Amino acid sequence: MESFSSKHMAMKAQKKILSHMASKSMVQMLIDDTSSEILDELYRISKEHSGNRTEAQKVVKDLVKVVVKVGVLFRHNRFSKEELSLAQDFKKKLHQGVMTAISFQEVEFTFDKAVMTELLTDCRDILLKLVEKHLTLKSFGRIRHVFNHYSDPDLLTNLYTPGGPLWPNLTKICNGLNKLVEEGKL
């Protein structure tokens, strides 16, 4: 396997954003091993689907940057009451998406790309609305890049093809998502 590591990249992004206030141990608190494994599988899926290592790294890097930035905003109480309500809407929609993704993987041949695409698009739109007063246009582009990449119908169809080349990756992702749900993190 090549030397790309989402955990290392996440730590670099977190250090950059939090460098003025965070020690290494504080940075490591922000991403756990299960999340890191999920990110690694998302990278592998992106690389396999696109055939482009650089693009796969960029989409995962953008995902980590967005998660860290939103986390920083939340931890520093930057969201208004209305925005916190949007954050709850996002959390509910994301949880619905996670549970749907797991269900589609556990029960073969139930996958509906229109449902998954709509869930991911809804998550993207809610997140963009949540951060519209806090992040730059470049960050909006990152959010669109991540959600548009993973909501691509061809990628989703390849991912959810039982016995297909991406099926083992999907299984690992869903196992990790199940673990995060059971731990109350999603």
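Count residues from 1 along the sequence. Everything numeric here is computed off the predicted structure, so don't read it as measured data.
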Rounded to the nearest 0.5 Å, what's the gap from [atom1] on [X] to [atom2] on [Y]? Could you check?
X	Y	atom1	atom2	answer
Thr157	Met116	OG1	CE	11.5 Å
Lys91	Leu84	NZ	CG	11.5 Å
Glu118	Cys123	CD	SG	10.5 Å
Ile102	Met99	CD1	CE	5.0 Å
Asn158	Asn169	CG	CG	11.5 Å

Contacts of type side-chain contact (heavy atoms from CB on, under 4.5 Å), residue [X], not counting sequence neighbours:
X	value
Asp154	His49, Asp152
Ser35	Ile31, Asp32, Leu180
Ser80	Glu82, Glu83
Val67	Leu63

Legend entry - salt bridge (Lys or Arg N to Asp or Glu O under 4.0 Å): pairs with one or both residues in residues 94-114, sequence neighbours excluded: none

Inset, instruction - Would you mind listing every salt bridge (Lys or Arg N to Asp or Glu O under 4.0 Å) that reaches into residues 156-166, with sequence neighbours excluded? - result: none

Among all residues two or more places apart in sequence or in another chain, which pass the salt bridge (charged side-chain N to carboxylate O under 4.0 Å, His left out) test with [X]?
X	value
Lys93	Asp122
Arg124	none
Glu183	Lys185

Inset, instruction - Test salt bridge (charged side-chain N to carboxylate O under 4.0 Å, His left out) on Lys58 and Glu55 and set out the steps. - result: CA-CA 5 Å; Lys58 183 171 176 17; Glu55 171 61 17; over 6 Å; no

Inset, instruction - Apply side chain to side chain contact (heavy atoms under 4.5 Å, CB included) to the pair Leu73 and Leu135, showing each step before the final yes or no. - result: CA-CA 9 Å; Leu73 290 169; Leu135 299 181; 3.9 Å; yes

Inset, instruction - Answer yes if Phe109 and Leu156 sit in the same cluster of Ile, Leu, Val, Met, Phe, Trp and Tyr residues linked by side chain heavy atoms under 4.5 Å apart, and no otherwise. - result: no

Inset, instruction - Determine, using the 4.5 Å side-chain heavy-atom cutoff (strictly less than), whether Val107 and Leu177 are members of one ILVMFWY cluster. - result: no

Inset, instruction - Not counting sequence neighbours, list each pair that qualifies as a ring pair (Phe, Tyr, Trp, His ring centres under 6.0 Å) and has a residue in residues 124-174. - result: Phe79-His134, Phe111-Tyr160

Legend entry - Test log, rule side chain to side chain contact (heavy atoms under 4.5 Å, CB included), inputs Lys69 and Arg142: CA-CA 11 Å; Lys69 287 181 179 187; Arg142 287 185 179 117; 3.4 Å; yes

Legend entry - Chi angles and distances behind the side chain to side chain contact (heavy atoms under 4.5 Å, CB included) call for Leu159, Ile45: CA-CA 8 Å; Leu159 186 61; Ile45 286 167; 3.3 Å; yes

Legend entry - N-O pairing of Glu132 and Lys129 below 4.0 Å: no

Legend entry - Distance-minimising heavy-atom pair for Ser103 and Thr110: O-OG1, 4.0 Å

Inset, instruction - Please report the closest heavy-atom contact between Ala56 and Ser46, naming both atoms and the distance. - result: CB-CB, 3.7 Å

Inset, instruction - Take Val66 and Leu127, measure what side chain to side chain contact (heavy atoms under 4.5 Å, CB included) needs, and give me the verdict at the end. - result: CA-CA 10 Å; Val66 167; Leu127 183 58; 4.0 Å; yes

Inset, instruction - Please name all residues satisfying side chain to side chain donor-acceptor pair (under 3.5 Å) with Glu37, sequence neighbours left out, ordered by chain then number. - result: none

Inset, instruction - For Thr34, enumerate each residue passing the side chain to side chain donor-acceptor pair (under 3.5 Å) test, keeping only those at least two apart in sequence or located in another chain. - result: Lys179

Inset, instruction - State which residue, out of Ile143, Leu86, Asp89, fulfils the side-chain contact (heavy atoms from CB on, under 4.5 Å) condition with Leu130. - result: Leu86

Inset, instruction - Please examine the side chains of Thr161 and Leu166, heavy atoms only from C-beta on, and report whether any two atoms are closer than 4.5 Å. - result: no

Inset, instruction - State, without any angle test, whether Lys65 and Ser139 hold a side-chain donor-acceptor pair at a distance under 3.5 Å. - result: no

Legend entry - Donor-acceptor side-chain pairing of Thr171 and Gln105 below 3.5 angstrom: yes

